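Remarks on the structure that follows.
Note that the structure is predicted; figures quoted are calculated from it, not measured.
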Amino acid sequence: MSEGPLIGVVDYGMGNRRSVEKALQHVGARAVISADHGALGATDALLVPGVGAFPKGIANLRERGLDELIRARAAAGTPVLGICLGMQLLFDRSVELGGADGLGLIAGEVAPLQAGALRLPHIGWNEVRIERASALTDGFEGPARPFYHVHSFVAHPARAEDIVGWSRYGEAFATIVASGTVFGVQFHPEKSSRDGLRLLARFAAIATERRRPAAAAA
């Protein structure tokens, strides 16, 4: 029996990294929490967690040189998954706290959630509807499913084809995105019970598929 894929949880000082690590291990993946370029460069996939403000998040990545590492690995076809703030950091820029440029892996901008009379931040379970098929959501077709959200900002992808799933809190917003092997979810799969674990299992399966050609060549 082959061992599970090795997924690098990018440690830039923000986010519930241990909870993500435990959830990945629960679905059969191996996980390493690290800011070390060598360790992250040896993984089958990268997961960018995150809770907090966009400018601080991207500044922390840059201070450690992790922004360039993530870009380089994504360009090489390595699967990358951003969670919550990690998803927002995948985009070109955010207007939060005066604005900052992001990783630029998915075209678009992050802006405040227009919740109307609803309270912010948006905290709690909310239904997610799948807009189109993707490797990350294979098997999630059909009725909307609840996932756990905690956020006040949302991403606005520039390309409609990058939107995989929608949710609504005041306005409708993209809560699952994908561009090539780069994926993002605005919710917390590690806090989203069975369906959250299923989604992480799908990401682990993507990581396994991506490493097979390299293993065969070796």
Side-chain angles (χ1 to χ4, degrees), residues 2-15 17 20-21 23-25 27-50 54 57-94 100-108 110 132-138 155 157-159 161-164 174 176-185 189 199-218:
S2 62
E3 59 186 3
L6 180 59
I7 298 177
V9 180
V10 180
D11 185 359
Y12 62 106
M14 300 176 73
R17 302 173 292 282
V20 172
E21 177 191 39
L24 288 170
Q25 292 170 346
V27 301
R30 295 170 296 143
V32 55
I33 301 173
S34 183
D36 181 78
H37 288 214
L40 294 175
T43 60
D44 300 309
L46 294 178
L47 189 151
V48 185
F54 188 108
I58 197 66
N60 283 9
L61 287 174
R62 287 176 181 150
E63 286 172 7
R64 297 160 173 80
L66 294 170
D67 56 334
E68 292 302 330
L69 181 143
I70 295 168
R71 289 191 188 101
R73 296 223 61 198
T78 301
V80 176
L81 173 63
I83 291 176
C84 195
L85 174 61
M87 167 178 152
Q88 296 176 11
L89 293 171
L90 300 176
F91 283 82
D92 290 326
R93 69 182 316 275
S94 172
D101 291 334
L103 294 169
L105 297 177
I106 300 179
V110 176
R132 69 166 178 87
S134 77
L136 187 65
T137 56
D138 186 31
R159 297 185 296 261
E161 59 266 31
D162 291 341
I163 301 171
V164 173
I176 308 177
V177 295
S179 179
T181 58
V182 176
F183 306 93
V185 293
L199 187 137
L200 290 175
R202 282 299 312 143
F203 184 63
I206 293 167
T208 299
E209 289 296 322
R210 294 294 300 183
R211 75 176 179 177
R212 281 179 181 169

Rounded to the nearest 0.5 Å, what's the gap from [atom1] on [X] to [atom2] on [Y]? Could you check?
X: I70; Y: L61; atom1: CD1; atom2: CG; value: 5.0 Å
X: D44; Y: F203; atom1: CG; atom2: CZ; value: 10.0 Å
X: M87; Y: I176; atom1: CE; atom2: CD1; value: 9.0 Å
X: S134; Y: D162; atom1: OG; atom2: CG; value: 11.0 Å
X: F183; Y: I83; atom1: CZ; atom2: CD1; value: 13.0 Å
X: E21; Y: D11; atom1: CD; atom2: CG; value: 10.5 Å

Side chain to side chain, [X] and [Y], heavy atoms closer than 4.5 Å:
X: R73; Y: T43; value: yes
X: L199; Y: L136; value: yes
X: L40; Y: L46; value: yes
X: V48; Y: L85; value: no
X: L200; Y: L47; value: yes
X: I7; Y: L81; value: no

I need the minimum non-hydrogen distance between [X] and [Y], along with the two atoms involved.
X: P5; Y: G28; value: CD-O, 4.4 Å
X: G50; Y: C84; value: O-CB, 3.4 Å
X: G4; Y: R30; value: O-NE, 2.8 Å
X: L24; Y: A31; value: CD1-CB, 4.0 Å
X: G184; Y: L90; value: CA-CD1, 4.1 Å
X: L6; Y: V32; value: CD1-CG1, 4.1 Å

Would you confirm whether [X], through its side chain, and [Y], through its main-chain N or O, come within 3.5 Å as a donor-acceptor pair?
X: R132; Y: E161; answer: yes
X: R210; Y: A45; answer: no
X: R71; Y: L105; answer: no
X: Y12; Y: P49; answer: yes
X: N60; Y: R62; answer: no

Criterion side-chain contact (heavy atoms from CB on, under 4.5 Å) against L66, the qualifying member of R64, E68, E63:
R64
